[in-house]
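Here the structure is laid out as structure tokens; the discussion comes afterwards.
All chains are named by letter (A, B, ...) in the order of the sequence lines, taking the proteins before the strands, and each is independently numbered beginning at 1. Values below: all heavy atoms of this structure, side chains included; hydrogens, waters and symmetry mates excluded.
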2 protein chains.
Amino acid sequence: MGPTRIGIRHLRYTIAVADAGGFRAAADALNIAQPAVSKTVQDTETDLGFPIFLRSAGMFEITDAGRVFLDDARLTLAAFERTIRASRQNAIGARGHIIVGYSALASSSQISAGLDIFHKRHPGCQVEMHVMSTDTMMRNLKTGEIDIGFLLSHGSVHDLEVAQKPIWSTQIGVVVPRAIDTVSLDMLRDSAFVMGVRENWRSYRTLLDVAFSQAGLSPSIIDEAWDVQVIFQRVADGRGLTFYPISAADSLPAALKILPVPDWSPELTIAMAWSKVVDTKLLQAFRESFPT
Amino acid sequence: MGPTRIGIRHLRYTIAVADAGGFRAAADALNIAQPAVSKTVQDTETDLGFPIFLRSAGMFEITDAGRVFLDDARLTLAAFERTIRASRQNAIGARGHIIVGYSALASSSQISAGLDIFHKRHPGCQVEMHVMSTDTMMRNLKTGEIDIGFLLSHGSVHDLEVAQKPIWSTQIGVVVPRAIDTVSLDMLRDSAFVMGVRENWRSYRTLLDVAFSQAGLSPSIIDEAWDVQVIFQRVADGRGLTFYPISAADSLPAALKILPVPDWSPELTIAMAWSKVVDTKLLQAFRESFPT
DNA sequence: ATCGGGTGATCGCAGTTCGTTATCGGTCCA
DNA sequence: TGGACCGATAACGAACTGCGATCACCCGAT
């Protein structure tokens, strides 16, 4: 069995097919023509010696062997891209590179304090921060696309391959235009709300659903948005109010403030998450920079 | 900064240049012409945005940034090659793949017992075994080319990034043709010996040197060979005797036997070694299959 | 039954990449 | 001052990788 003619491109395309759930869809996602994808995946399968996808009649499937290969390939591709990216950002030779995902809900002074501690201990190390939803974070932790995640700790967010450690808890408050000085549970009943769409804010929305029903609330949601910036913009425009963890008050735009609601104080816990499968000394040091 | 045009080839060539200590030497090692190497490394440097090698006047050097990149690149390349290799060997979809390096001196029933335990616990996992010298093993552990090593534990074999755990100790004996029944310290003074070359058997030879001088021996070495098979062949041919750990008696060819030397019993310890930097659950499970 | 709309595979062709040989300019050492 | 070494460059052929056009197939809706 000679040396492989497989390259990074083969991994990338094959993964894209698996993710997109089809060759044509993968080609679209990759912005190339479909035959190129077909050809590359065929070459990969020939080289490996077994089919990765079953594409007879109707829907297509991933073989067992293919699934194993894809798991490895994802990790490899992530490692590769990180190698390039870390070096490009950092032509001066810093040691180490960590990619962190965090929920918009998790921005807070605790995070920057931990980053400060870590930077003092490892001055040369690059830390790359990316905002993403809790669900995306779990997926990316498993594929190695991110090393550490700060996410909303929630019963529905658990995975055997991912370890979690709670970092802090905070109360949820109401985000209102700066002019407003007080809120009450009764006010909330009559108010309109702007919220993140469930696709992107699943855990948070689920958590709020529970908190609402416990208080006997069923707030009317008049607007949903994908990004937190858009939500805040709508609130500033007077379209409605929204809920946000009080610990993230610093990241509010100047036109808004956050108020606790008397007699209603749902809690939210932010946890640090990391893969149990891939771990390094550097990541360990990073985690230890964040006290529980 | 657009998407990289760097591929696995770029990593491979760049690493080869660093390892070979020059472009021409790398080209030879890769079995391609030198300009191809020059071009590829240049492309890599352009893409990354900084020089990896300094090749002005006379000797060439690796830049600091280049060293960082190379460290990452080695790990990435190892991950890539493992992904391909593991899938190729195993078209039926076993889960997991471990690459083990072991010294020829370490072949013994302890190793196979541990492998048996591990295979029972992880039936689907491929374990790939490669013979290599202790020094090579240390290098390969750091680059991720092997996951676990069984090596000759020796004071000169230590590295901050590599953890070690002694697995067993054994006495060193003399390998002789099957016809011989007894040996003595005096016999050794007058005998000729066949040994492994120091390049490949550095730790073992160092250990023997000490044991010789303690017994007041200075055996005449009439022949040196690279591989243990060749050494044994020479012994079987009657060229001379050699020393070998008694625990590895099973791996002797039928024409030879191993005898302890009365009043001279140097010990040798085999340790399991692994990288502290890259670790996984599977490797942990593997290690735990080998009792101390 | 047959016609669109979907899948992925195949074919032939172009641009790019990759490797080759030949050659150049440089340093080092005899 | 040659000669042996190094790495960079140039020109060219082969291979790779992309493209559009097309094919064969399955499906569901006329």
Side-chain angles (χ1 to χ4, degrees), chain A residues 2-63 65-67 69-70 73 77 80 84, chain B residues 2-63 66 69-70 73 77 80 84:
Chain A
T4 304
R5 245 165 14 284
I6 290 187
I8 284 296
R9 194 176 46 89
H10 296 78
L11 302 190
R12 195 170 276 131
Y13 290 10
T14 307
I15 291 169
V17 169
D19 288 345
F23 287 67
R24 218 158 194 108
D28 288 346
L30 294 166
N31 277 319
I32 57 172
Q34 167 261 322
V37 179
S38 280
K39 182 62 162 47
T40 303
V41 172
Q42 282 173 36
D43 289 347
T44 307
E45 290 177 322
T46 304
D47 190 290
L48 293 180
F50 59 89
I52 299 168
F53 303 107
L54 297 177
R55 56 284 224 191
S56 59
M59 213 42 188
F60 97 133
E61 262 179 278
I62 308 180
T63 63
R67 220 176 300 277
F69 169 74
L70 282 163
L77 182 59
F80 176 85
I84 305 300
Chain B
T4 303
R5 241 172 349 304
I6 291 187
I8 284 296
R9 192 176 46 89
H10 295 77
L11 303 190
R12 195 171 275 129
Y13 290 10
T14 306
I15 290 169
V17 170
D19 287 346
F23 288 67
R24 221 161 192 106
D28 289 346
L30 293 166
N31 278 319
I32 58 173
Q34 168 260 321
V37 179
S38 282
K39 183 64 166 45
T40 304
V41 172
Q42 283 172 32
D43 289 346
T44 307
E45 290 175 321
T46 304
D47 190 290
L48 293 180
F50 59 90
I52 298 168
F53 303 107
L54 296 178
R55 55 283 223 193
S56 58
M59 212 45 185
F60 99 132
E61 262 179 278
I62 308 180
T63 63
F69 170 74
L70 282 164
L77 182 60
F80 176 84
I84 306 300

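- One can place CD1 of I8(A) at 13 Å from P of dT17(D), the figure rounded to the nearest angstrom.
- Consecutive pairing runs in DNA chain C reach the stem threshold at C:1-30 with D:1-30, where a stem means at least three Watson-Crick or G-U wobble pairs with distances under 3.5 Å.
- A33(B) comes within 4.0 angstrom of a base, heavy atoms only.
- Not one side-chain nitrogen or oxygen of R55(A) sits closer than 4.0 Å to the OP1 or OP2 atom of dT7(C).
- Looking at heavy atoms from C-beta onward, V41(B) lies in side-chain contact with R55(B) at the 4.5 angstrom threshold.
- The interatomic distance linking L30(B) (CG) with dT20(C) (P) rounds to 10 Å, in whole Å.
- In this structure, the side chains of D43(B) and R5(B) stay at 4.5 Å or more apart for every pair of heavy atoms.
- Residue F53(B) comes nearest to T14(B) through the heavy atom pair CZ-O, 3.6 Å, listed as atom of the first residue, atom of the second, then distance.
- Side-chain contact between L54(B) and I62(B) is absent, with no heavy atoms from C-beta onward closer than 4.5 Å.
- DNA chain D is contacted by G22(B), F23(B), R24(B) of residues 16-25 of chain B, taking any non-hydrogen atom closer than 4.0 Å.
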Going by atom type alone, with no hydrogens or angles, which donor-acceptor pairs under 3.5 Å involve a side-chain atom of residues 26-38 of chain A and a protein atom two or more places apart or on another chain?
| residue | atom | partner | partner atom | Å |
| --- | --- | --- | --- | --- |
| Q34(A) | NE2 | S38(A) | OG | 3.0 |

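- The side chain of Q34(B) contributes no N or O atom lying less than 4.0 Å from OP1 or OP2 of dT21(C).
- Counting to the nearest Å, the C1' atom of dA8(D) and the CZ atom of F60(B) are 15 Å from each other.
- If you measure from atom OH of Y13(B) to atom P of dC18(C), you get 9 Å, rounded to the nearest angstrom.
- Rounding to whole angstrom units, CG of residue D28(A) and P of dG8(C) are separated by 10 Å.
- Residues I15(A) and Y13(A) fail the side-chain proximity criterion, which asks for heavy atoms closer than 4.5 Å.
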*Test I6(B) against F80(A) for side chain to side chain contact (heavy atoms under 4.5 Å, CB included), laying out the working first.*
CA-CA 10 Å; I6(B) 291 187; F80(A) 176 85; 4.1 Å; yes
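- Between the C1' atom of dC18(C) and the CZ atom of R5(A) lies a distance of 14 Å, rounded to the nearest Å.
- One finds a side-chain N or O of R9(B) lying less than 4.0 angstrom from the OP1 or OP2 phosphate oxygen of dG19(C).
- A 4.5 Å side-chain heavy-atom check between I84(B) and D47(A) finds at least one atom pair inside the cut-off.
- In this structure, CG of D43(A) is placed 13 Å from C1' of dT10(C), rounded to the nearest angstrom.
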*Given the rule in the side chain to side chain contact (heavy atoms under 4.5 Å, CB included) test, do F60(B) and V17(B) qualify, once you have shown the distances and angles that lead to the verdict?*
CA-CA 10 Å; F60(B) 99 132; V17(B) 170; 3.9 Å; yes
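- Look at NE2 on H10(B): it is 13 Å from C1' on dG19(C), rounded to the nearest Å.
- Using a 4.0 Å cut-off, no side-chain N or O of S38(A) falls inside it from OP1 or OP2 of dG8(C).
- The listed nucleotides are dC19(D), dG19(C), dT21(C); the one nearest the side chain of P35(B) is dT21(C).
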